[in-house]
Structures are given as C-alpha cells and as structure tokens.
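These notes concern the structure reproduced below.
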Amino acid sequence: MTTAVPRRRRRADDPDEHPGRPRRVVGPVPAMDGRTPTAHDLLLLHCPSSLRRTVSGGEPLPTWARTLLRGNPWVTVRRAPAIAGLSPTRVHCTRDGSATAESWIPVALHGPRPDQRVAAYAPRSAVALTLAPEQLPDRLAQLPEDRQLGVPALAALPEAGAVVESYNLSWGPIGAVGCELATGVPVTTLDSPLRLLLRSPLPFSRRDALLLRRRLRKLPVWVEAELETRHGSVSLAEYSTSPQFLTLHTPDGPKLVGDPWFPRQLRSA
C-alpha cells in the first residue's frame with residue numbers, strides 16, 4: 001500500500017505561484033552556469049517580489065517598479081559588490097537543495113521614463129535565467145522585422161559586431177538594445193544610442209582603440225562602447241584620446257588610473 005505524498009498548499013501571497021512566471025526549482029548552478037553574474041548581465045527572476053532596496057529590507061520598491069516587474073521580471077546587474085548572508089525578512093523562493101548559501105546580487109531596474117531608475121538587490125536563489133551581453137546578438141532575429149530594420153540602434157548591430165570582431169574582441173550590446181534583445185519588450189527608441197560592451201581581459205593598444213572608435217563612428221547611429229578589463233570598465237572614447245589618467249569604473253566606485261589593465265595605484269575619481 002502506497003502512502004500519498006501531501007502536495008504543498010498554495011498560498012495567495014506566494015510569488016512562486018503567480019501564473020506566467022517560471023516556476024521551476026532553480027539555484028546558482030542551473031540558472032547561472034556556475035558563474036557569478038557581472039555588470040550588465042540580465043537576470044530573469046522567478047519571484048521578483050523578493051527584490052530588496054537593501055538586504056535588510058528598507059523602503060519598498062516604488063509603485064512603477066512593482067508594476068513593471070509583474071509583467072516583465074527582468075533586471076540588470078549593476079557594478080557594485082555582491083553581499084553574502086541571509087535577509088532577516090523571509091524570501092519566498094523555491095530553492096535547489098544543492099544550491100550554495102544565499103547571496104545578494106546588486107541589480108538595477110529601469111522604467112519607461114529617464115527618471116525611473118531604482119537600485120536594489122536580488123537573492124541568488126530568485127534567478128531563473130542569466131543572459132550575458134555576448135549572448136544577445138543572436139536574439140536579434142527573434143524580434144519583428146520592422147524592429148530589426150526600422151530602429152537604427154538595432155539595425156546597426158550586425159555591422160557594429162563585424163567591426164568589433166575584426167579586433168578579436170568579445171562583445172555584446174547593453175543598455176536599451178540589450179534589454180530589448182533579452183526581453184523582447186520594444187524599449188529601444190529611434191534616438192537610442194547603440195551601447196556596446198567590449199571584453200578586453202588583455203591590454204588593448206590605444207592605436208587600435210582609436211582606429212576602432214573611428215570605424216564605429218562611421219555607422220549610421222551613435223555608438224557608445226566601453227572596454228571591460230579584469231578590474232572594471234573604461235570608456236573606449238576616453239581611452240583612445242590618451243589622457244594621463246582614466247576613469248575606471250569598478251564595483252567599489254570610479255577610480256582614476258593610468259592603466260586600466262594594471263591599476264597599481266588606484267585613487268578615487
């Protein structure tokens with residue numbers, strides 16, 4: 001005689017039971033491929049109500065943010081340190097039993113208006129899917145054809161990618177273009193710039209930076225590119241003009257450095 005296993009009773013306030021959201025059991029390994037998300041990664045949350053302004057709770061998210069998350073539960077990883085440890089407030093997320101101890105990922109949520117931006121933290125166990133910028137260009141074909149051809153920043157993406165790849169750099173779109181490719185929501189406007197993240201773990205010469213910038217400026221859209229080193233990111237435009245000091249954006253804030261690949265003497269910008 002078999003014994004029936006009681007099913008978990010659904011609760012009205014359980015974020016995991018809301019229809020239309022991923023409800024599979026997730027954890028760091030399946031959702032993140034075993035890596036820690038870095039700045040500009042896009043995260044799909046299976047329980048977006050677990051977002052916190054601070055790990056300890058703090059003031060609630062603004063109304064526009066909660067409304068946006070209900071229909072589009074994506075957030076962007078921001079450049080700030082992750083925080084380890086459990087929140088004193090309960091997080092309603094189904095976790096993988098093999099998942100590691102909870103940690104909190106710094107994220108940002110952008111609304112439809114320029115002034116609608118909020119910084120928050122997402123528990124690692126709430127992440128259902130992670131997309132790095134390099135994974136996004138192949139998703140262009142999934143957008144409607146009128147978006148692919150009619151929006152300048154989207155239309156210029158393949159040509160921009162070909163230019164960057166000729167310098168042996170891994171790359172991906174960020175900003176509005178990256179968000180639209182990840183979520184399918186048409187957030188890129190006719191005036192949106194094409195923002196690119198260029199992975200450069202090894203030093204990239206200023207001469208090549210200048211040539212690359214000149215080629216990108218020939219595209220029929222304004223391009224903003226940043227070089228991502230092992231220590232942070234630096235503007236391609238700033239680096240190519242050869243100033244004595246550069247602003248290196250790090251998880252601990254902006255720093256003035258002479259060399260973004262070997263920032264021996266960091267100082268606050």
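Since the structure is predicted, the reported quantities are computational estimates derived from the model, not experimental observations.
- Between L157 and L194 the shortest side-chain heavy-atom distance falls below 4.5 Å.
- Taking both residues in full, the closest heavy atoms of P106 and P81 are given as CG-O, 3.8 Å, listed atom of the first, atom of the second, then distance.
- Here the side chain of S233 pairs no donor or acceptor atom with the backbone of E226 at under 3.5 angstrom.
- For the pair D41 and P133, the minimum side-chain heavy-atom distance is below 4.5 Å.
- Closest of all the heavy-atom pairs between H46 and A128 is CB-CB, 3.9 Å.
- Heavy-atom minimum distance, R53 versus A119: CD-O, 3.6 Å.
- In the model, S240 has no side-chain atom that pairs as donor or acceptor with a side-chain atom of R207 under 3.5 Å.
- Hydrophobic clustering keeps L210 apart from L212 (ILVMFWY residues linked when any side-chain heavy atoms are closer than 4.5 Å, directly or through intermediates).
- Not one N or O on the side chain of E159 forms a donor-acceptor pair closer than 3.5 Å with the backbone of L219.
- Side-chain contact between L202 and T229 is absent, with no heavy atoms from C-beta onward closer than 4.5 Å.
- In the hydrophobic cluster analysis, where Ile, Leu, Val, Met, Phe, Trp and Tyr join through side-chain heavy atoms closer than 4.5 angstrom, V163 is grouped apart from L197.
- The minimum heavy-atom distance between V221 and S192, with the atom names listed, is CG2-O, 3.9 Å.
- Hydrophobic clustering keeps V185 apart from L44 (ILVMFWY residues linked when any side-chain heavy atoms are closer than 4.5 Å, directly or through intermediates).
- In this structure, CG on D191 lies 5.0 Å from OG1 on T189, to the nearest 0.5 angstrom.
- Atom CH2 of W261 has more than 12 neighbouring heavy atoms from other residues, nucleotides or ligands inside a 6.0 Å radius.
- Checking side-chain atoms of R139 against main-chain N and O of A182 turns up a donor-acceptor pair under 3.5 Å.
- Using a distance-only test at 3.5 Å, with no hydrogens or angles considered, no donor-acceptor pair links the side chain of W104 to the main chain of P123.
- With R124 contributing its side chain and A122 its backbone, the two residues share no donor-acceptor pair below 3.5 Å.
- Rounding to the nearest 0.5 Å places OG of S200 at 10.0 Å from CG of D208.
- With a 4.5 Å cut-off on side-chain heavy atoms, H40 and R195 count as touching.
- In this structure, A108 and R117 approach most closely via the heavy-atom pair CB-NH2, 3.6 Å.
- Distance CG/L131 to CH2/W74: 4.5 Å, rounded to 0.5 Å.
- A cation-pi arrangement is present between R78 and Y121, with the terminal nitrogen or guanidinium carbon under 6.0 Å from the aromatic centre and inside a 45° cone about the axis.
- Salt bridge status for R79 with E228: present, with a side-chain N to carboxylate O gap under 4.0 Å.
- Between L143 and G184 the shortest heavy-atom distance is CD2-CA, 4.3 Å.
- Q116 places none of its side-chain heavy atoms less than 4.5 Å from the side chain of H110.
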For R206 and T241: C-alpha separation, side-chain torsions, deciding distance, then whether side-chain hydrogen bond (donor to acceptor under 3.5 Å, both in side chains) applies.
CA-CA 8 Å; R206 292 183 187 270; T241 57; over 6 Å; no

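- For the pair I105 and V127, the minimum side-chain heavy-atom distance is below 4.5 Å.
- Of the inter-residue distances, the one linking L256 atom CG with T247 atom OG1 reads 5.0 Å to the nearest 0.5 angstrom.
- In this structure, E238 CD and R213 CZ are separated by 10.5 Å, a value rounded to the nearest 0.5 Å.
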Could you pull out all donor-acceptor pairs under 3.5 Å where a side-chain atom in residues 60-68 meets a protein atom, sequence neighbours excluded?
from: T63; atom 1: OG1; to: R66; atom 2: NH2; distance (Å): 3.4
from: R66; atom 1: NH1; to: L61; atom 2: O; distance (Å): 2.2
from: T67; atom 1: OG1; to: T63; atom 2: O; distance (Å): 3.0
from: T67; atom 1: OG1; to: R70; atom 2: NH2; distance (Å): 3.3

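- Other residues, nucleotides and ligands place no more than 12 heavy atoms under 6.0 Å from the CD atom of E145.
- Between L43 and V77, some side-chain heavy-atom pair lies under the 4.5 Å cut-off.
- Contact of the V75 side chain with the L45 side chain is registered, since non-hydrogen atoms from C-beta on lie closer than 4.5 Å.
- Between atom OH of residue Y167 and atom CG of residue L211 there is a gap of 4.5 Å, rounded to the nearest 0.5 Å.
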Compile the donor-acceptor pairs under 3.5 Å between side chains in residues 169-181 and protein atoms, sequence neighbours left out, one pair per line.
from: W171; atom 1: NE1; to: E165; atom 2: OE2; distance (Å): 3.0
from: E180; atom 1: OE1; to: R147; atom 2: NH2; distance (Å): 2.8
from: E180; atom 1: OE1; to: V187; atom 2: N; distance (Å): 3.3
from: E180; atom 1: OE1; to: T188; atom 2: N; distance (Å): 3.0
from: E180; atom 1: OE1; to: T188; atom 2: OG1; distance (Å): 2.9
from: E180; atom 1: OE2; to: R147; atom 2: NE; distance (Å): 2.9
from: E180; atom 1: OE2; to: R147; atom 2: NH2; distance (Å): 3.1

